[in-house]
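Written below as structure tokens is the structure these notes are about.
This is a predicted model, so every value here is computed, not measured.
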Amino acid sequence: MSEAPAKRSDSVPTADLTAVPRTHYGRWLGALAVVAFLCWLAYSLAHAAIDWGVVRHYLTMGVLLKGLLLTLVLTVVGMVLGVALGVVVAMMRLSRNPVTSGVGWLYVWVFRGTPVYLQLLAWFNIGLLFPYIWLPGLGGARTVDLVTPFVAAAIGLGLNQGAYTSEVVRAGILSIDEGQTEAAQALGMSRLRTMRKIVLPQAMRVILPPIGNETIGMLKTTSLASAIGVSEILSEAQHIYFVNNRIMELLIVCAIWYLAAVSVLSAVQYYLERHFAKGSSSRSLPDTPLQRLRKVINQKKAVS
């Protein structure tokens, strides 16, 4: 039999070893490159041919604020219509009735397959196809009097958004285990009540993130409404810089207000996701900024 090799007597005890952190040269070089780029960008903007006084002047101009308000209203109306239609169409797509499911699929196919710009123009010119609209019990009216530019924009954006939202809602519903529905039906709950009380509250964790992205996208898509005469913020800015030729200054003003609105919407999305994630035990909820601030204050009090 072969003898086992003897242990080396010069081995160093583990307690005497010193852990040396690894130097990540790539990270430092990447960070330096990013800082250098940001410094160059700040220097370029500071010395560019931009009159920042003009930016400050137009930042709170009444016409632009009115356009911003119209942008926000159009975003809310379009999203409310889109979410309502999206839920209905998602239910239609999941229906066992082939006619209902087919109509839902056709709606999604048409409105996802054509550009938003085209749809806005079509709704704005709908009077060419239907000069008069007859409402039972209310009488008739000319289409051009009813479908104003704002109404056409709201309908066009809402219907287009409904097609995309329906797929988001359908994906959220399909993510819930079928056993949830079977258990609810075993308890005698109707299909509608099961969907409203059991499935949708759980599916909101999957639905909310893409809906939040769609809302932010809707805010920016409203700029296309200027093609049919809706005076949102970007359209109002264009009317101004066509006269004074302060193009970049007015575009920077619009960018500031868009970023501010997107920041507010992102914060709302964050807290909504926290609310609907309370029932999930797969991961802990992240602290809100207010909770983080309280923790820092409590830690400082404990140290002192």
Side-chain angles (χ1 to χ4, degrees), residues 63-90 93 103-131 133 142-170 210-243 247-248 250-262 265-266 269:
V63 175
L64 294 180
L65 293 180
K66 184 179 178 181
L68 175 63
L69 178 61
L70 187 60
T71 297
L72 296 175
V73 171
L74 195 57
T75 301
V76 172
V77 174
M79 283 306 301
V80 169
L81 180 60
V83 171
L85 284 172
V87 173
V88 173
V89 175
R93 292 288 307 276
V103 171
W105 177 87
L106 182 63
Y107 168 82
V108 173
W109 177 68
V110 170
F111 285 95
R112 284 202 311 174
T114 54
V116 184
Y117 189 71
L118 184 150
Q119 295 175 31
L120 291 175
L121 292 175
W123 283 107
F124 181 68
N125 295 283
I126 195 67
L128 298 176
L129 296 178
F130 308 101
I133 296 178
R142 293 194 309 167
T143 304
V144 293
D145 296 331
L146 295 177
V147 184
T148 62
F150 179 84
V151 173
I155 293 174
L157 293 174
L159 290 177
N160 180 266
Q161 184 60 48
Y164 290 92
T165 304
S166 67
E167 293 300 283
V168 173
V169 175
R170 187 169 68 92
I211 289 295
N213 291 335
E214 292 292 335
T215 304
I216 293 173
M218 173 67 75
L219 176 71
K220 295 176 290 186
T221 306
T222 55
S223 60
L224 294 177
S226 61
I228 58 175
V230 178
S231 298
E232 39 77 46
I233 183 171
L234 188 57
S235 175
E236 294 290 0
Q238 289 177 324
H239 294 160
I240 296 174
Y241 70 60
F242 284 155
V243 177
I247 300 175
M248 288 305 303
L250 269 299
L251 293 180
I252 290 174
V253 170
C254 292
I256 291 173
W257 281 119
Y258 274 120
L259 289 173
V262 168
L265 292 176
S266 299
Q269 176 186 350

request  = Enter the distance from Trp257:CH2 to Ile252:CD1 here, rounded to the nearest 0.5 Å.
outcome  = 15.0 Å
request  = Show your reasoning for whether side chain to side chain contact (heavy atoms under 4.5 Å, CB included) applies to Ile233 and Tyr258.
outcome  = CA-CA 9 Å; Ile233 183 171; Tyr258 274 120; 3.7 Å; yes
query = Which distance, rounded to the nearest 0.5 Å, do you find between the CD1 of Ile247 and the CD1 of Ile240?
reply = 13.0 Å
task = Hey, could you give me the CD/CG distance between Gln161 and Leu81, rounded to the nearest 0.5 Å?
result = 9.5 Å
Check: Val73 and Leu69 side chains under 4.5 Å, non-hydrogen atoms = yes
ask   = Hey, does Val108 have a side-chain heavy atom less than 4.5 Å from the side chain of Arg93?
value = yes
ask   = Taking the six-membered ring for Trp, are Tyr107 and Phe111 parallel (under 30°), tilted (30 to 60°) or perpendicular (over 60°)?
value = tilted
task = Measure from the side-chain N and O atoms of Asn160 to the backbone N and O of Gly156, and report whether any donor-acceptor pair falls under 3.5 Å.
result = no
inquiry  = Between Phe124 and Leu120, is there a side-chain heavy-atom distance shorter than 4.5 Å?
reply    = no
request  = Kindly indicate whether the side chain of Leu85, heavy atoms from C-beta on, has any atom under 4.5 Å from the side chain of Thr165.
outcome  = no
key: Beyond-backbone contact of Val243 with His239, side-chain heavy atoms, under 4.5 angstrom   = no
task = Enter the distance from Leu224:CG to Leu118:CG here, rounded to the nearest 0.5 Å.
result = 12.0 Å
remark   = Tightest non-hydrogen contact, residues Val147 and Ala152, listed as CG1-CB, 3.8 Å
message = I want to check something: taking the side chain as every heavy atom from C-beta on, are Leu70 and Lys66 in contact at a cut-off of under 4.5 Å?
response = no
query = What closest approach, in Å, do Val230 and Ala153 show between heavy atoms, and which atom pair accounts for it?
reply = CG2-CB, 4.0 Å
remark   = Here the pair of heavy atoms bringing Asn125 nearest to Leu121 is ND2-O, 2.7 Å
ask   = Leu146 and Val151: side chain to side chain contact (heavy atoms under 4.5 Å, CB included), yes or no, with the steps?
value = CA-CA 8 Å; Leu146 295 177; Val151 173; over 6 Å; no
task = Taking all heavy atoms of Gly212 and all of Gln269, pick out the closest pair and write down the distance.
result = CA-OE1, 3.5 Å
query = How long is the gap from CG on Leu72 to CG on Leu219, to the nearest 0.5 Å?
reply = 6.5 Å
query = From Leu68 CG over to Cys254 SG, what is the distance, rounded to the nearest 0.5 angstrom?
reply = 9.0 Å
ask   = Is the backbone N or O of Pro131 less than 3.5 Å from a side-chain atom of Thr143, with the two atoms forming a donor-acceptor pair by type?
value = yes
Non-hydrogen side-chain atoms of Ile211 and Val168 separated by less than 4.5 Å = yes
inquiry  = Restricting to non-hydrogen atoms, name the atom on Arg170 and the atom on Ala90 that form the minimum distance, rounded to 0.1 Å.
reply    = N-CB, 3.9 Å
query = Any sub-3.5 Å donor-acceptor pair from Ser235's side-chain atoms to Glu232's backbone N or O?
reply = no
ask   = Just wondering, do Ile216 and Ser266 contact through their side chains at under 4.5 Å, heavy atoms?
value = yes
task = Would you check, one step at a time, whether the test side-chain hydrogen bond (donor to acceptor under 3.5 Å, both in side chains) holds for Thr114 with Gln119?
result = CA-CA 7 Å; Thr114 54; Gln119 295 175 31; 2.8 Å; yes
inquiry  = On a heavy-atom basis, which atom in Ser223 and which in Leu234 lie closest, and how many Å separate them?
reply    = CB-CD2, 3.9 Å
